[in-house]
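Down below is the structure, laid out as structure tokens.
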Amino acid sequence: MPLARAWSVALFGVDGVAVEIEADIGGGRPRTQIVGLPDASLNEAKERVRAAVRNSMRKWPDELVTLALSPAALPKGGAGYDVALACAVLVAAGLEPGERLEKTVLLGELALDGRVRTVRGVLPGLLAARKAGLRRAIVPSAALAEAALVTDLEILGAEHLTEILDWLRGEPDTLREASPQPPQAPTDIPDLADVIGQPEARWALEVAAAGGHHLLLTGPPGTGKTMLAQRLPGLLPALADQQALEVTAIHSIAGLLTPESPLVTTPPFVAPHHSCSVPALVGGGVGLAKPGAISTAHNGVLMLDEACEFATDRLDALRTALEEGEVRLARRDGVVRYPARFQLIMATNPCPCAPPRDFDCTCTPIAKRRYLSRLSGPLLDRVDLRVRMRPITAMSRADLTPPEPTAAVRARVLKARERAVARWKTYGWLTNAQAPGPTLRREFGLPRKTTAVLDRGLDTGAVTARGADRCLRVSWTLADLADEDLPTSDHVAAALEFRDRRVA
């Protein structure tokens with residue numbers, strides 16, 4: 001019997017590779033074998049696909065069925081190959097025509113009764129298929145809205161294997177076409193007007209939003225640390241088209257997308273619990289690593305509430321991602337790369353007992369030092385803004401000045417970001433936090449008189465070379481918010497004050 005070919009996709013992080021599936025029938029005793037480095041879940045597909053074909057009123061061949069997945073040297077896993085395996089076998093057996101399989105990628109898991117179930121990673125898979133030159137895709141109907149985000153590719157959806165087989169025979173109107181998605185309603189984000197008092201922390205949050213800077217909030221319980229952090233996404237601009245596709249691809253691999261919201265258009269907000277493991281935070285798993293919390297927060301906000309309750313190894317695992325904007329994870333089957341350019345906000349109490357007022361603290365100096373030492377020096381050196389929050393002593397005084405709403409602060413943030421984008425457009429950077437130190441010093445160097453306070457900080461050891469670069473970035477953000485072309489000495493001094501270690 002002739003060979004039959006079908007196409008599917010293997011994912012390696014957010015990257016994908018088109019996989020050619022070849023089916024050959026005959027040459028041995030009746031059985032089914034899959035070659036090409038399948039994992040356990042893919043090997044189980046033999047029984048699943050056979051039952052789905054039989055329950056779709058088709059006959060499974062009573063001969064040796066050999067399925068080869070190419071490139072053979074790449075490890076493959078998951079249930080997303082089921083539909084392609086079934087079609088390849090039936091075409092090789094001469095039970096279905098195979099002309100329409102050319103240039104068509106097939107994604108989907110098969111239930112035993114032939115229903116096509118959705119799988120993770122449809123969006124990045126189809127992006128890889130388009131890059132490989134494939135022109136048509138058949139996906140589960142439940143993933144049709146997500147698949148429709150890929151342009152220049154004919155998208156069809158199927159509920160059952162019989163619909164796909166009828167389509168192979170040329171029957172019309174058996175598969176569903178992707179329809180335009182209505183505009184999504186904006187995500188309901190809490191308003192800054194809910195936060196009482198804390199002018200210094202509110203200003204720091206505005207600076208963080210304007211420049212993309214990391215932020216540490218320290219203070220007793222009930223002062224509004226978590227409330228402020230939850231309101232940062234409302235200050236950030238909506239994701240650009242390319243950013244939205246990147247975030248959506250990661251969320252698709254992580255299984256976080258819903259049919260109602262197939263495209264992530266607002267900066268994500270991720271807040272893992274302090275008991276999470278290192279793989280849950282940065283990514284991990286057996287075989288090939290899956291994305292963790294820092295990757296699902298890409299182009300958004302990662303909030304570590306009660307940061308000093310996190311184990312030290314969890315916090316230190318963030319250091320490379322904070323510098324490079326991505327995480328590379330090596331596992332048994334290979335190395336995968338996930339984007340992880342996020343804004344970090346940490347909130348912590350000043351000590352384990354965390355009384356409402358500092359003079360009520362019962363902790364020993366050693367206990368305080370041990371508690372705060374979980375935030376290591378190298379990690380704190382990567383945090384641009386550090387703020388000590390004070391308890392509110394009188395609700396009536398706090399209400400004298402109505403707090404600014406998110407809309408008013410966001411308008412200033414967007415204006416400052418526009419200035420930063422115009423400044424860095426030739427380099428491709430979007431925020432001041434992305435500008436590297438060498439560029440700030442050489443091409444955007446400030447007069448010595450302006451940076452004198454920063455030079456004294458370096459001389460006395462109050463700030464490291466990395467910290468000095470971060471002070472320069474914050475000073476540019478302060479200048480953008482003040483609508484000035486260049487930072488002044490006051491802006492540099494304010495940026496250095498934000499790094500005062502005593503607030504941590």
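All values below come from the heavy atoms of this structure, side chains included, with hydrogens, waters and symmetry mates left out.
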Option among C361, C363, C308 that satisfies the side chain to side chain contact (heavy atoms under 4.5 Å, CB included) test with P352: C363
Donor-acceptor contact present, side-chain K131 to main-chain G16, <3.5 Å: no
Test: R386 and E200 ion pair at under 4.0 Å: no
L304 vs H274 side-chain heavy atoms within contact, under 4.5 Å: no
T266 side-chain N/O to A238 backbone N/O, donor-acceptor pair under 3.5 Å: no
Whether H214 and F342 hold their rings parallel, tilted or perpendicular, with breakpoints at 30° and 60°: tilted
Flag, side chain of R374 to backbone of A311, donor-acceptor distance under 3.5 Å: no
Aromatic ring pairing Y427/W424, orientation class (parallel under 30°, perpendicular over 60°, tilted between): perpendicular
Backbone of A244 reached by a side-chain donor or acceptor of T248 within 3.5 Å: yes
Pair L486-W476, side-chain contact (heavy atoms from CB on, under 4.5 Å): steps then yes or no: CA-CA 7 Å; L486 290 174; W476 279 101; 3.4 Å; yes
Worked check of side-chain contact (heavy atoms from CB on, under 4.5 Å) between D152 and R130: CA-CA 8 Å; D152 300 327; R130 183 184 64 181; 4.2 Å; yes
Any side-chain heavy-atom pair of V387 and L216 under 4.5 Å: no
H298 versus E246, side-chain donor and acceptor atoms under 3.5 Å: yes
Test: E404 and R202 ion pair at under 4.0 Å: no
H213 side chain near F498 side chain, heavy-atom distance below 4.5 Å: no
For I294, the option from V270, L344, V282 that meets side chain to side chain contact (heavy atoms under 4.5 Å, CB included): V282
R319 with D316: basic N within carboxylate O range, under 4.0 Å: yes
Donor-acceptor under 3.5 Å (T223 side chain, R390 main chain): no
Nearest-0.5 Å distance, CG of residue L217 to CD of residue Q198: 9.0 Å
Salt bridge R417-D480, side-chain N to carboxylate O under 4.0 Å: no
Between E146 and S252, a side-chain donor and acceptor under 3.5 Å: yes
Evaluation steps, side-chain contact (heavy atoms from CB on, under 4.5 Å), between K76 and D39: CA-CA 6 Å; K76 305 167 191 71; D39 69 353; over 6 Å; no
Non-hydrogen side-chain atoms of W7 and T104 separated by less than 4.5 Å: no
W203 and L481, any side-chain heavy atoms less than 4.5 Å apart: yes
Distance in Å, L263 CG paired with L257 CG, rounded so as to fall on 0.5 Å steps: 9.0 Å
Under 3.5 Å side-chain donor-acceptor pair for H251 and T296: no
Donor-acceptor pair, side chain of Q243 and main chain of A240, under 3.5 angstrom: yes
Residue pair L446, V492: steps toward the side-chain contact (heavy atoms from CB on, under 4.5 Å) verdict: CA-CA 10 Å; L446 300 176; V492 176; 4.3 Å; yes
Ion pair check, D381 and R470, cut-off under 4.0 Å: no
D241, CG: over 12 other non-hydrogen atoms inside 6.0 angstrom: no
Salt bridge present between E154 and R135 (N-O < 4.0 angstrom): no
Short N-O contact, R419 and E484, less than 4.0 angstrom: no
Heavy atoms of other groups near E177 CD, more than 12 under 6.0 Å: no
Minimum side-chain heavy-atom gap L478-V474 below 4.5 Å: yes
For A420 against N432, the heavy-atom pair lying closest together: CB-OD1, 3.7 Å
Test item: R499 and C471 side chains (from C-beta on) under 4.5 Å apart, heavy atoms: yes
Ionic contact status for R231 with D194, cut-off 4.0 Å: yes
Pairing of R466 and E323 as salt bridge, 4.0 angstrom limit: yes
Side-chain donor or acceptor of R314 paired with backbone N/O of L281 under 3.5 Å: no
Side chain proximity check, T464 to L458, heavy atoms < 4.5 angstrom: no
side-chain hydrogen bond (donor to acceptor under 3.5 Å, both in side chains) partners of T362, counting only residues at least two apart: none
